[in-house]
Amino acid sequence: MRIYIDQASGHVGEEVEIAGWLYNKRSSGKLRFLILRDGTGLMQATVSQADVSEEDWAVADELTQESSLIATGTITEDARAPGGYELHVKSLQLVGRSEDYPITPKEHGTEFLLDRRHLWVRSQKQHAILRVRAEVISAIRDYFDSRGYVLFDAPMFTPNAVEGTTTLFETEYFGARAYLTQSGQLYQEAGCMSLGKVYCFGPTFRAEKSKTRRHLTEFWMVEPEVAFMDLDGVMELAEDFTQEVVARVLDRRGEELKTLERNIAALERVKKPFPRITYDEAARILKEKGTDFTYGSDFGGADETVLAEQFDRPVMIHRWPAGIKAFYMKRDPDDPTRSLGVDMLAPEGYGEIIGGGQREDSLEELEKRIEEHNLPRKFFEWYLDLRRYGTVPHSGFGLGLERTVAWICGIRHIRETIPFPRMMYRLEP
RNA sequence: UCCUCGGUAGCUCAAUUGGCAGAGCGGGUGGCUGUUAACCACUAGGCUGGGGGUUCAAGUCCCUCCCGAGGAGCCA
């Protein structure tokens, strides 16, 4: 009977078959200790020369790191084995031999590992991170699906920049120019006017020449958008959503967080309500702390870290100077120099994980903004239609998946939070 | 684009003031019946990123180019 390693505890005393790869090997005289992995975990298999055929003994002896094999034997409970269970091998079958596997059980540099990302994903730390990523994705989908949101995916090809500022990847589209999307938001606005509560979840692209641990050129973003929701509503949504996602990972991926040596207590503090401060209050804190922040500009990485350090859970900063936020942000009726945007900063220096706010719902205001930003009006006619035909107040946000996973995992660089990271100087493998 | 740091064996790194190119891991060979990144012995392995220069002598100093890292800007 074929079983997976994570099912071993239910098969003590039984003869089973395990199919996997050799993770590591140790030997002592006529005894071989094979550490097997099959994607669900690691298990030690012991091969005693006295218990196996001459051929199988030769196989055990010659197995190299990452050779694939099928081992048959009896599961026993043994405190000496890592994980507590081991397989007493009766027979061994080599499936595919691995020659000179480059990633040894010692340390390697980042460049070396990234060049071999297709093999690096076989290692334990990467398993843990990628499982947390998968859990976060499934928590995000469940959160919205169970609350009446409709998945409303946005196109990847767009004819124009959503927000004039950032650089887009350009591509040829049947003789015309097209760009890879940097946000699905405008399309979500159309979606929420149709289905009330919608979200999209997919890759997004930024051609920024950013070489930092917080940036990828291709990353995943989830973007909910809700009709008849104001800024307070979207802040409530963002904090409730973040709390749920973190709680889900704590509940189901404790093993992985342990492998990653994540400080669990810091994640357990992620409970509503999150602190909410205005841009002006944030600016006051930065002035007190003496950073070189200049009032009226956006916060730099160091500023974000200082702000996040003031709180033990994510903090939301709202009511930004209108000039530094996107054209579609609604102005604060109480102070037209402010826009009703909100950013959420993750604790522990992980930076901005959410950006969102209330959208401009007035046709006249939006026309004015498009003109002020020198945006090509013809590409925005459909967007203006949303204000012409039954406009309503509406709000939404975007959450960066990889930054969120990096924060939850407690790893410094977001490049390990996606199977194959795309960065300024890395398009392969 | 700018700033800073780096490139030496397959990998991770060392090499004093400019003075014989080294170690651990990995590979190979042998040993060991309870190993835990096992251990022990032996062994192979080098155009010190490329080019130019200074010097009796360059991994080391100078110029230049290439490659990478993470920080700024910008952002999720």
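Chain naming here is simple, since letters A, B, ... match the order of the sequence lines and numbering starts at 1 in each. In this text the structure is predicted, and so the values were computed from the model without any measurement.
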Any donor-acceptor N/O pair under 3.5 Å between B:G34 base and A:E86 side chain: yes
Is it the case that the base of B:G10 and the side chain of A:T104 share a donor-acceptor contact (distance under 3.5 Å, atom types as modelled)? no
What about A:R403, does its side chain sit under 3.5 Å from the base of B:C75 through a donor-acceptor pair? yes
Between A:G355 and A:M423, who's closer to the 5' end of RNA chain B by nearest nucleotide? A:M423
Is there a donor N/O on one and an acceptor N/O on the other, under 3.5 Å, for the side chain of A:S27 and the base of B:C32? yes
On the side chain of A:Q49, is there an atom forming a donor-acceptor pair with the base of B:U33 - under 3.5 Å, no angle test? no
Interatomic distance where CD1 belongs to A:I140 and P belongs to B:A76 [whole Å]: 16 Å
What distance, rounded to whole Å, do you find between the two P atoms, one in B:A9 and one in B:C2? 30 Å
Is A:H413 close enough to B:G70 that one of its side-chain N or O atoms is under 4.0 Å from OP1 or OP2 there? yes
Over all strands shown, is A:P102 touching base, sugar-phosphate only, or nothing at heavy-atom distances under 4.0 angstrom? nothing
Whole-angstrom distance between B:G6 and B:A44, as gauged at atom P: 34 Å
Would you mind classifying the nucleic acid contact of A:S28 as base, sugar-phosphate or nothing, using non-hydrogen atoms under 4.0 angstrom? base
Can a salt bridge be assigned to the pair A:D142 and A:R248 using a cut-off of 4.0 Å between side-chain N and carboxylate O? yes
Classify the nucleic acid contact of A:L216 as base, sugar-phosphate or nothing, counting any heavy atom under 4.0 Å across all strands shown. base
Is it true that A:R284 and A:E288 make a salt bridge, defined as a side-chain N closer than 4.0 Å to a carboxylate O? no
Below 4.0 angstrom from OP1 or OP2 of B:G71, is there any side-chain N or O of A:R412? yes
Identify whether the distance between the nearest side-chain nitrogen and carboxylate oxygen of A:R37 and A:E66 falls below 4.0 Å. yes
When all nucleic acid strands are considered with a 4.0 Å heavy-atom cut-off, which category describes A:Q124: base, sugar-phosphate, or nothing? nothing
Centre-to-centre under 6.0 Å for A:W120 and A:F112, is that the case here? no
Indicate, with a heavy-atom threshold strictly under 4.0 Å, whether A:F112 touches base, sugar-phosphate, or nothing. sugar-phosphate
Does A:F144 CZ have over 12 foreign heavy atoms under 6.0 Å away? yes
Base, sugar-phosphate, or nothing: which does A:R415 touch, judged by heavy atoms less than 4.0 Å apart? sugar-phosphate
Which part of the nucleic acid, if any, lies within reach of A:D343 when heavy atoms closer than 4.0 Å are counted: base, sugar-phosphate only, or nothing? nothing
Is A:K211 side chain donor-acceptor paired with the B:A72 base, going by distance under 3.5 Å alone? no
B:A76 base stacked by A:F219 (centroids within less than 5.5 Å, tilt under 30°): yes
Side chain A:H108 and base B:C11 donor-acceptor under 3.5 Å: no
Please tell me if A:R213 has a side-chain N or O lying less than 4.0 Å from either OP1 or OP2 of B:A69. no
